Enquirer: 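Just dropping this structure here.
Computed from a predicted model, the values in this text were never measured in an experiment.
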Amino acid sequence: MRLTRKRLCSALLVAYLLFSFYAAYSVFLKPRRPTAFRAAQREKHGRGEHAVLGAEEWNPWEVDEKNDLQQKSGNSFQLLKLQKEQTDLRVQIWGKAAIGLYLWQHIFEGLLEPADVSAQWREGSMKAGKSFFSFITGPAVVPGYFSVEADNVVLVLNGRKISYATQWLHYAQTLAQTQKLKHAAVVLLGSEQCRNEWIYPYLKNYGGFVDLLFVIYDSPLVNEEDIFQWPLGVATYRNFPVVEPSWSMLHTPRLYHCNFLGTVYKNSTRETLLEVVKQNRLHKLCWISAREEWWPQETNESLRNYQDALLQSDLTLCPLGVNTECYRIYEACSFGSIPVVEDVMTPGDCGNSSVYHSAPLQLLKTMGAPFIFIKNWKELPAVLEKEQIMSLQQKIQRRKKLMEWYRQFKSQMKQKFISALENSFLPKNRGA
């Protein structure tokens, strides 16, 4: 009997050992399936590929990974929500004039998606100061057919197309009357003669709903309290680009002392400019290309030639147009070419010389623009004589000064814009 029990115990012990050996073999020594092995090898060698697991290849950490991913997504959402809550002011900008692109891309240095300038709808967003700004533009941005995503709005309008501009103002006014908008501001491409009386009824001080107005040109409306002067900027409607300064732009010798590529109007000072160039044989020193008719759009070739002229000239001649302020001034600054500006007030209601003795171009002069100002193009030969005796190093230092000034100018205009909105739109106890 004792022998039988001993044999039984021995058999059980042998069975237990065999089972233990088999279990250990299955866990540690048995070869894995080829698919799992290949996946492990890919992970080991860091190839970054995603292994496709069959239904039978269960991932014991799958549930934990899903929970972790959900938790991270939840945290990201909470962070985004917190960021929105921490932003004191949310502003939506409706870019319904080409000057809106100068505001967003050049002054705010914002991006737009899609990048295609012919897209029907383009948008961008950024946080600046205490505020979050979104920008929308394009033909598809039509009153009543897009989402108004903020109760504070800036309308960028072309005041030379009054009927079109008033459609947008009436739309915004309706939103304000139905309490869907709290505050509104307008950036206005005003009349070149500064005759903008049509917008008075929309301004809050005249019983309207518009809190702030940023107007282009030396308008007598400007008071620096609720009406501010705004720069004309570059011709974005002609696809003038955002120009990034480079080492060669600053340091390379330029082929020409000056340039003028543009339209010459009858009985204008531009005819005087061409006559001075001809009489003094300045064609050898300057890139001059005049045309008799104004082109609303540049061709690819003409735009390339114009940018080349700016890049290859130490000076850019800026004769009067309908207004003293012109796109050419800002475009020259973009390429480090010193604007030579005809400092003469044009006909109309612009400027107020009894108050602002530096008019015209009050904004640029107040900001210390390092330009060459002349009263008559007969002064040009003397200006070019000085150019011929300047060293390259002197010209390099002058370019640096101009481009740094222009960078600071845009930065200060951005800050001025944001501060005006925040001071006006935010409750006084929060904006203080």
Enquirer: If the condition is salt bridge (charged side-chain N to carboxylate O under 4.0 Å, His left out), which residues does D151 pass it with, not counting sequence neighbours?
Expert: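 With neighbours one apart ignored, the set is K182.
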
Enquirer: Quick one: pull up CG in L89 and CG in L426 and give me the separation to the nearest 0.5 Å.
Expert: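 L89 CG to L426 CG: 5.0 Å, rounded to 0.5 Å.
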
Enquirer: Does K96 use its side chain to pair, donor to acceptor, with the backbone of G138 at less than 3.5 Å?
Expert: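 Present.
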
Enquirer: Are E387 and R254 ion-paired here, with the side-chain N under 4.0 Å from a carboxylate O?
Expert: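 No.
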
Enquirer: Do C194 and C350 have their SG atoms less than 2.5 Å apart?
Expert: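 Yes.
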
Enquirer: Would you please test R407 and E404 for salt bridge (charged side-chain N to carboxylate O under 4.0 Å, His left out) and show each step?
Expert: CA-CA 5 Å; R407 186 189 68 81; E404 176 59 21; 2.6 Å; yes

Enquirer: Does R291 reach the main-chain N or O of L261 with its side chain, forming a donor-acceptor pair under 3.5 Å?
Expert: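 Checked: no pair found.
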
Enquirer: Applying side chain to side chain donor-acceptor pair (under 3.5 Å), name anything that partners R122, two or more places apart in sequence or on another chain.
Expert: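 Here no residue qualifies.
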
Enquirer: Could you check whether any side-chain N or O of S424 sits under 3.5 Å from a backbone N or O of A420, counting only pairs where one atom can act as donor and the other as acceptor?
Expert: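 No, because the side chain of S424 does not come within donor-acceptor range (under 3.5 Å) of the backbone of A420.
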
Enquirer: Do any N or O atoms from the side chain of K161 and from the backbone of S163 form a donor-acceptor pair under 3.5 angstrom?
Expert: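 Such a contact is absent between K161 side chain and S163 backbone.
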
Enquirer: Look up atom CG in L320 and atom CD in E325, then write down how far apart they are to the nearest 0.5 Å.
Expert: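 If we round to the nearest 0.5 Å, L320:CG and E325:CD are 12.5 Å apart.
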
Enquirer: In a check of side-chain contact (heavy atoms from CB on, under 4.5 Å) between P339 and each of P370, C326, C318, which one passes?
Expert: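 For P339, the side-chain contact (heavy atoms from CB on, under 4.5 Å) check succeeds only for C318.
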
Enquirer: Can a donor-acceptor pair be found between the side chains of E342 and T269 at a distance below 3.5 Å?
Expert: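 Yes, side-chain donor-acceptor contact under 3.5 Å.
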
Enquirer: Go through the structure and list residues passing side chain to side chain donor-acceptor pair (under 3.5 Å) with Q173, not counting sequence neighbours.
Expert: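 Applying side chain to side chain donor-acceptor pair (under 3.5 Å) to Q173 gives none.
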
Enquirer: Less than 6.0 angstrom from the centroid, inside 45 degrees of the normal: does K414 satisfy that with respect to the ring of F108?
Expert: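 Here K414 passes the 6.0 Å and 45° test against F108.
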
Enquirer: Atom CZ of R398 and atom CD1 of I338: how far apart are they, to the nearest 0.5 Å?
Expert: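 With rounding to 0.5 Å, CZ (R398) is 5.0 Å from CD1 (I338).
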
Enquirer: Would you say E301 and T299 are linked by a side-chain donor-acceptor pair, where the criterion is simply a distance under 3.5 Å?
Expert: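 Absent: no donor and acceptor within the cut-off.
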
